[in-house]
Every structure is written in structure tokens, then in C-alpha cells.
Amino acid sequence: MTDADRRVGFVGLGKMGAPMAARLARADWEVRGYDPVESARTALSAVGGVPVTSAADTAADTVVLMLPDSNVVEAVLFEGGLVEQLAPGSLVIDMSSSAPLRTQAVAERLAEHGVGLVDAPVSGGVTGAVAGTLTIMLGGSETDAERASLVVSHLGRVRHVGPVGAGHALKALNNLLSATHLWATSEAMLVGERFGLDAATMLAAINTSSGRSGSTEKKWPDFVLPGGFDSGFSLALMLKDMKIATDLAHSLDIPVELGDAAVGRWAEASANLPSGADHTEIVRWLRASAASDSRAV
Ligand code: NAD
């Protein structure tokens with residue numbers, strides 16, 4: 001491999017992007033990274049990356065995007081000047097949790113410039129990003145998937161799940177499940193607590209029983225019970241993913257009653273919590289709602 005082959009662009013150095021870019025830099029990739037937040041660029045420099053001052057300046061044979069949503073992905077590619085800087089034959093890896101139908105449209109627009117796209121959203125949170133243990137749900141052609149894997153396999157386990165858009169569809173569906181069982185788990189826990197059960201005792205029993213999930217095995221023990229509510233994944237981004245999943249269901253004429261109800265409840269929480277609230281704050285909000293409901297009775 002030449003030096004140019006070990007060069008990768010990286011746009012979006014937030015809670016997930018920063019540790020991911022750092023892992024690539026430590027794996028001897030020359031990471032040319034951009035984020036509008038200056039401290040994020042400085043942090044990249046501290047781990048051996050090369051901060052640049054615009055998204056267009058990240059242009060390389062392979063460019064990773066780790067951005068909030070499809071709106072920002074489209075703006076960075078098509079309004080920020082990046083696409084004009086990408087040579088034909090380049091590959092964009094969108095690791096953001098974007099909307100699958102929009103991703104397919106982005107792929108068509110990039111193809112007009114001779115540029116390829118794979119979607120490679122992740123699950124595993126900030127701890128997985130730091131440890132390089134993310135689950136990477138990759139959508140794209142076989143050839144592009146192999147090429148993207150040279151970069152993203154440093155970040156976790158790659159699962160090639162289908163053509164372009166498949167990764168983003170699966171990621172949104174995963175998060176709809178995750179948000180729904182966090183809500184369901186929290187209702188059950190609040191009932192148990194009011195009955196007089198100890199929360200840690202409940203979780204220990206549920207985690208060797210059929211009600212267990214990522215919410216009982218990780219979110220409640222790590223972020224709720226200690227009172228930190230600090231998973232590093234915002235409630236606004238979770239709600240965005242849930243809506244991507246239910247919008248997809250509606251566009252495919254599949255009824256998702258539970259999903260629609262979950263979106264409604266999470267939207268209510270989002271409207272009532274500060275804009276940067278962690279998604280695990282839903283538990284504190286449900287607890288407060290339960291307390292005020294019982295006072296009203
Ligand atoms: P974040 O808000 O911490 O990071 C997003 C970054 O994008 C910020 O640093 C922001 O400054 C930057 N950004 C915004 N507009 C930009 C622009 N025009 N050009 C360049 N950079 C821009 O979000 P995050 O938690 O790191 O999540 C990133 C993506 O990963 C989201 O799609 C999210 O849904 C997904 N995700 C997050 C987690 C998690 O645990 N945080 C887990 C899995 C997936």
C-alpha cells in the first residue's frame with residue numbers, strides 16, 4: 001500500500017466520530033478530519049490525525065462520514081464542496097445513522113460523479129467506538145464492501161447486510177427495538193419499585209430470564225441505576241432513528257402500532273427535556289410522569 005492508500009478523510013468528530021477517527025489514526029491511517037467545532041479538530045491532532053478546516057479538504061480515496069443525519073450528510077457532500085473534490089473512483093462510507101431511501105438517492109447522485117457509496121452505520125455506543133467493538137451494518141456492492149472493510153474493520157465487526165441502504169434500514173429498525181424495550185423495561189421497573197422490589201435484584205433476575213434485553217443488561221445497570229444518565233447517545237438522535245424506522249414501515253404499508261406509540265411517547269419526552277438530553281433520560285422522565293400521574297389520582 002502506498003502512503004496515499006493509507007489516507008482517509010473523516011467528517012464529523014463528535015461523540016462517536018472522535019474515538020473512531022482516533023482508532024484509525026492509531027492503526028496508522030493518515031486521518032484528515034473535519035468538524036466545525038474547533039476543540040474537536042484539536043483533539044484529532046492530539047491523537048495523531050491531521051485536522052483540516054473544511055469538509056472539502058478531507059477529500060481522499062476513501063472518506064468516512066459520521067454526522068447527525070441525512071440532512072447534514074447531503075449538505076456536506078453536495079453543498080459543502082466535498083463531491084467536487086472527490087476523484088472518480090473514490091468511495092464514501094456513510095457511518096451516520098441516515099435514512100435509507102435518502103441514502104439510495106445520495107448513491108445515485110454520487111454515481112454521476114463516478115464516486116461510490118456504502119452505508120455503514122454502527123451499534124455499540126461510545127464505549128464500543130472507543131474499544132473498536134462496534135457492530136457495523138454495511139450496505140453496498142460486494143466490491144465496495146470489501147474496500148470499505150479495509151478501513152472500518154478497525155472499528156468493529158463488519159456485517160455486510162445487503163445493497164446500498166440496507167445498513168441504514170437495519171440500523172433504524174434496531175434502534176426502534178432498542179427504544180421500545182427501554183420504554184417497556186422502564187415501565188416494568190417502575191411498577192416493581194413501587195411494589196417494593198429492589199431495582200438491582202429485579203435486573204439480576206430478569207437478566208437470567210426471558211424479559212432481558214440490552215436495556216436490562218446494559219442501559220439500566222450502567223446508566224440509570226448509578227444515576228449518571230450518560231450513555232453518550234442523545235435522545236434527539238434516538239428519536240430521529242425511530243422516526244426513520246416508522247417512516248420506512250409506513251412507506252412499505254406495514255402497520256407498526258407499537259412503534260408509532262413509542263415514537264409518540266419519546267417525542268413527548270423530547271419536547272419536555274433539554275435539547276442535549278441523553279436518551280437514557282427517558283427513564284427519569286417516565287418516573288417523573290408516573291409520580292405526577294399518581295398524585296393526580
Ligand atoms: P454528535 O452530535 O456527538 O456528533 C456529530 C458531529 O457532527 C458533531 O461534532 C458536529 O459538530 C458535527 N457536524 C454537524 N454538522 C456538521 C457539518 N455540516 N460538517 C461537519 N461536521 C458537522 O453525534 P454522535 O453521537 O457522534 O452521532 C453521530 C451519528 O452516529 C448519528 O447519526 C447517530 O445517530 C449515530 N450513532 C450514535 C451513537 C452514540 O452512542 N452516540 C451510537 C450509534 C450511532
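Ligands are counted one by one from 1 in listed order, and the atoms in each one are counted from 1 as well.
- Between Arg6 and Glu30 there is no salt bridge, since no side-chain N of the basic residue sits under 4.0 Å from a carboxylate O of the acidic one.
- Between Trp29 and His154, the ring-plane angle classifies as perpendicular under the 30° and 60° cut-offs.
- Counting protein heavy atoms only, atom 3 (O) of ligand 1 is closest to Lys15 N, 2.9 Å.
- In the vicinity of Tyr34, heavy-atom distances shorter than 4.0 Å reach the ligand 1 atoms 19 (N), 20 (C).
- Annotation: atom 40 (O) of ligand 1 to nearest protein heavy atom, Phe233 CB, 3.2 Å.
- Only one option out of Leu24, Val64, Val122 pairs with Leu155 in a side-chain contact (heavy atoms from CB on, under 4.5 Å); it is Leu24.
- Close contacts of ligand 1 with Val72, meaning ligand atoms under 4.0 Å from a residue heavy atom, involve 15 (N), 16 (C), 17 (C), 18 (N).
- A salt bridge does not link Arg41 to Glu38: none of the charged nitrogens lies less than 4.0 Å from a carboxylate oxygen.
- Distances from atom 27 (O) of ligand 1 to the heavy atoms of Leu67, Thr58, Leu237, Val122 put Leu237 nearest.
- Nearest-residue assignment for atom 22 (C) of ligand 1 (options Gly12, Pro36, Ser234; heavy-atom criterion): Pro36.
- Salt bridge absent: Glu74 and Arg109 never bring a charged side-chain N and a carboxylate O closer than 4.0 Å.
- Between Arg284 and Asp278 there is no salt bridge, since none of the side-chain N atoms of the basic residue sits less than 4.0 Å from a carboxylate O of the acidic one.
- Close approach of ligand 1 to Met66 (heavy-atom distance below 4.0 Å) involves ligand atoms 29 (C), 30 (O).
- At the shortest separation from atom 6 (C) of ligand 1 among protein heavy atoms lies Asp35 OD2, 3.7 Å.
- Under the 3.5 Å distance criterion, with hydrogens and angles disregarded, a donor-acceptor pair is assigned to the side chains of Lys219 and Ser178.
- The closest approach between any non-hydrogen atom of Met238 and ligand 1 is not below 4.0 Å.
- Results of the side-chain contact (heavy atoms from CB on, under 4.5 Å) test with Ile93 over Val118, Asp119, Asp144, Leu65 single out Val118 as the only residue that passes.
- Shown in contact with Val37 at under 4.0 Å from a heavy atom are these atoms of ligand 1, numbered in order with element: 11 (O).
- Among all protein heavy atoms, the one lying closest to atom 35 (C) of ligand 1 is Ser97 OG, 3.5 Å.
- Heavy-atom separations between Pro68 and ligand 1 include at least one value shorter than 4.0 Å.
- At a threshold of 4.0 Å, the pair Glu268-Arg265 counts as salt-bridged, since one of the basic side-chain nitrogens sits closer than that to a carboxylate oxygen.
- Here atom 17 (C) of ligand 1 lies nearest to Val76 when heavy atoms of Ile244, Val76, Val11 are compared.
- The proximity of Lys240 to ligand 1, defined as any non-hydrogen pair under 4.0 Å, is limited to the side chain.
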